[in-house]
Asks: 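Starting off with a structure, shown below.
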Amino acid sequence: MPQSVVRTRFAPSPTGYLHIGGVRTALFNWLFARRHGGAFILRIDDTDAERNVDAALEPILSGLRWLGIDWDEGPGVGGPHAPYFQSQRADRHKAAVARLLATGHAYRDFARPEELDAERKAAQAEGKAFLYSRRFAAFDEETAARFRAEGRQGVVRLKMPREGALVIDDAVRGRVEFAWEREQDHVIQRADGSCLYHLASVVDDHDLEISHVIRAEEHLSNTPRQAFIALSLSYPLPAYAHLPLVAEPGSRTKLSKRKLAQYLKNADFKQVMDHGQRIADRLGLKAEADTFNPVIVDFYRAVGYLPWAIDNYLALLGWSYDDKTEFFSREQLIDRFTLERINSSPASFDPKKLWAVQDHYMHALPIDEKLATMLPFLTRAGLLADPAPAAAVETVRQVIEASGDRLKVAGDIIAYADFFLVDDPPLDEAAVQQRLSKPGVRPLLEAFAAELHTVEPYAPPALEEALKRVVEAAGVKVGDLVHAVRVAVTGKTVGPGLYDCLAILGRDRSLTRIARALPRCG
């Protein structure tokens, strides 16, 4: 492979859904590859059979596709370096272990867990760092046979150096030095013959010709053992770039999907979650599901965020182009992305900022694209057939235009369009008590209905003038009638502007709904 060819990879484990931090890593790898005209590879690191979840693989693949993070080689795409599932590359991993044993860079170890634990406790008692004595190491087959005769099971460990240091030039963190004496003799092959992640990852990165390993900061501590494996196998080291943590809001602690209850004490997180909950309720989604969590990307997909809004926001978690530019097109972000502009400090996840980025892109989205994005939500909510009738689609278009920037995410269309798409929408009881049951509301509605019979044209300006005439004649405030009419015709207190609602519903449906509400009025 020519040195100038850039090949990056994202290698998730199918042990759960896409975490915000994982997507940020995938995005940075994708941007760097696209920036340099290279290749972005998706590999599934499924060596941990006990933790792998088959059902979690498809959400990972579909989530990346939804975000526009496409891969040049990998599952569903193929490529010259197949297979792209780590579990299917076991023969290559075992061959590497055999080579490390043959060259003396690894050894078979027959220590029992309690024996290792005893050494560890002894070191603690002496105030020393634990370093395995290699007492039960077998560097030849005769010794190994003797240990097996005792009923011991052997693993394969790296024979790490005890002197000197590894120095790497990290593209994000600069010069990083690791003293070999602090490194344990890490296990690379279990007693059953299966290989561990660190060995498999190094072999696969080499076989897939990965030029740059761009990954989260938490993997920095893995670098010495992985670099030792690579160097011992005579592999060239890739360039390393360790990304800053995606941290909890206002913190330097890693964002975790398991701490949702704690995060909901944050007002911004709670607002995002509550907003999503209202949409989820209409879609019949289970709030207790693993994906219904603002730390998981599927949450944002489920409630209707725009994928590029997610990408744009995540690009700003640890990277910046300058001190003022926040919004980028896909092409701009690819053109401007460099590893040198990544900050090494933890990047705090800010749900309020993500909300603002989403609002920016939703507001700028052309009406046809908004319509295409929102129609599926109405279908899933059971409010539209699939395919939707042309007349219903036109109604939704009018609702979107009338709602303006009230629609923050695509799922909001459910609450704003539902009462237009059914003949007899329910009246919210709290709204009835607040707006309709007050004394004097009924004669106001009856007077307004009389105006509606004759108002021409039946359009927002004329409808507004009609309502003002009724209010002036009755000597009441505009709000006394506006709120009552809204509840009568929509069943709720929020939605597009009232006059737009009346125009979209049309004269007959507006009058029918007012008549239905009159018995509930004071």
Side-chain angles (χ1 to χ4, degrees), residues 1 9 11 43 45-49 80-113 115-116 119 130-168 178-211 213 219 221-238 240:
M1 179 185 72
R9 52 80 166 168
R43 185 181 75 224
D45 282 2
D46 54 349
T47 53
D48 192 348
H81 300 82
Y84 294 94
F85 287 83
Q86 203 165 68
S87 61
Q88 298 173 16
R89 306 178 62 86
D91 289 347
R92 288 286 301 153
H93 307 151
K94 291 177 181 178
V97 171
R99 185 174 167 187
L100 291 170
L101 286 169
T103 57
H105 293 102
Y107 62 90
R108 297 191 184 279
D109 180 57
F110 292 86
R112 294 186 172 114
E115 292 163 341
L116 288 172
E119 286 198 15
F130 168 64
L131 202 60
Y132 177 41
S133 67
R134 298 175 182 164
R135 175 184 171 191
F136 298 96
F139 295 100
D140 56 67
E141 187 53 38
E142 181 181 353
T143 307
R146 177 167 55 83
F147 282 134
R148 290 192 188 100
E150 296 176 7
R152 295 174 178 271
Q153 291 187 320
V155 299
V156 177
R157 292 182 182 275
L158 295 173
K159 188 181 179 184
M160 300 295 290
R162 296 285 168 90
E163 297 178 349
L166 169 72
V167 178
I168 64 168
F178 303 90
W180 287 124
E181 65 180 358
R182 296 184 179 179
E183 289 298 315
Q184 301 297 325
D185 286 357
H186 305 285
V187 176
I188 56 173
Q189 188 176 45
R190 302 179 182 91
D192 64 4
S194 61
C195 297
L196 275 74
Y197 162 78
H198 295 291
L199 180 284
S201 182
V202 171
V203 173
D204 291 348
D205 282 348
H206 170 72
D207 288 355
L208 271 60
E209 301 184 272
I210 301 303
S211 65
V213 172
H219 294 287
S221 61
N222 301 330
T223 305
R225 78 188 80 171
Q226 293 179 353
F228 177 76
I229 293 170
L231 293 171
S232 299
L233 292 169
S234 299
Y235 296 167
L237 290 182
Y240 291 105

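Positions are given from 1 along the sequence.
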Asks: So, H93 and D204: side-chain donor and acceptor under 3.5 Å apart, yes or no?
Replies: yes
Asks: With a 4.5 Å heavy-atom cut-off, do Q189 and K94 have their side chains touching?
Replies: yes
Asks: Evaluate side chain to side chain contact (heavy atoms under 4.5 Å, CB included) for T143 paired with R108, printing each intermediate quantity in order.
Replies: CA-CA 10 Å; T143 307; R108 297 191 184 279; over 6 Å; no
Asks: Could you list the donor-acceptor pairs under 3.5 angstrom formed by side chains in residues 228-237, with sequence neighbours left out?
Replies:
unit_1, atom_1, unit_2, atom_2, d
S232, OG, F228, O, 2.7

Asks: Atom CZ of residue position R148 - does it have more than 12 heavy atoms of other residues, nucleotides or ligands inside 6.0 Å?
Replies: yes
Asks: Report, as yes or no, whether the 6.0 Å neighbourhood of atom CD on Q184 holds more than 12 heavy atoms from other residues, nucleotides or ligands.
Replies: yes
Asks: Within a reach of under 6.0 Å around CD of Q88, are more than 12 heavy atoms found that belong to other residues, nucleotides or ligands?
Replies: yes
Asks: Locate the shortest heavy-atom distance separating M160 from W180; write the atom from each residue and the value.
Replies: CE-CZ3, 3.5 Å
Asks: Report yes or no: does S194 contribute a side-chain atom to a donor-acceptor pair with the main-chain N or O of R190 at less than 3.5 Å?
Replies: no
Asks: Which distance, rounded to the nearest 0.5 Å, do you find between the CD of Q86 and the SG of C195?
Replies: 9.5 Å
Asks: Aromatic contact between F136 and F110, with the criterion being ring centroids under 6.0 Å apart: yes or no?
Replies: no
Asks: Quick check: are there more than 12 heavy atoms from other residues, nucleotides or ligands sitting under 6.0 Å from CD of E150?
Replies: yes
Asks: Return yes when atom CZ of R162 has more than 12 non-hydrogen atoms of other residues, nucleotides or ligands closer than 6.0 Å, and no otherwise.
Replies: yes
Asks: State whether the number of non-hydrogen atoms from other residues, nucleotides or ligands found under 6.0 Å of R152 atom CZ is greater than 12.
Replies: yes
Asks: With a 4.5 Å cut-off on side-chain heavy atoms, are L199 and R225 touching?
Replies: no
Asks: Any donor-acceptor pair under 3.5 Å linking the side-chain atoms of S133 with those of E119?
Replies: yes
Asks: A side-chain contact here means heavy atoms from C-beta on lying under 4.5 Å apart; do V203 and R89 qualify?
Replies: no
Asks: Applying side chain to side chain contact (heavy atoms under 4.5 Å, CB included), run through R9 and V213 and close with a yes or a no.
Replies: CA-CA 7 Å; R9 52 80 166 168; V213 172; 3.8 Å; yes
Asks: Is there a donor-acceptor contact under 3.5 Å from the side chain of D185 to the main chain of R157?
Replies: no
Asks: Using a distance-only test with no angle check, is there a side-chain donor-acceptor pair under 3.5 angstrom linking Y132 and D109?
Replies: yes
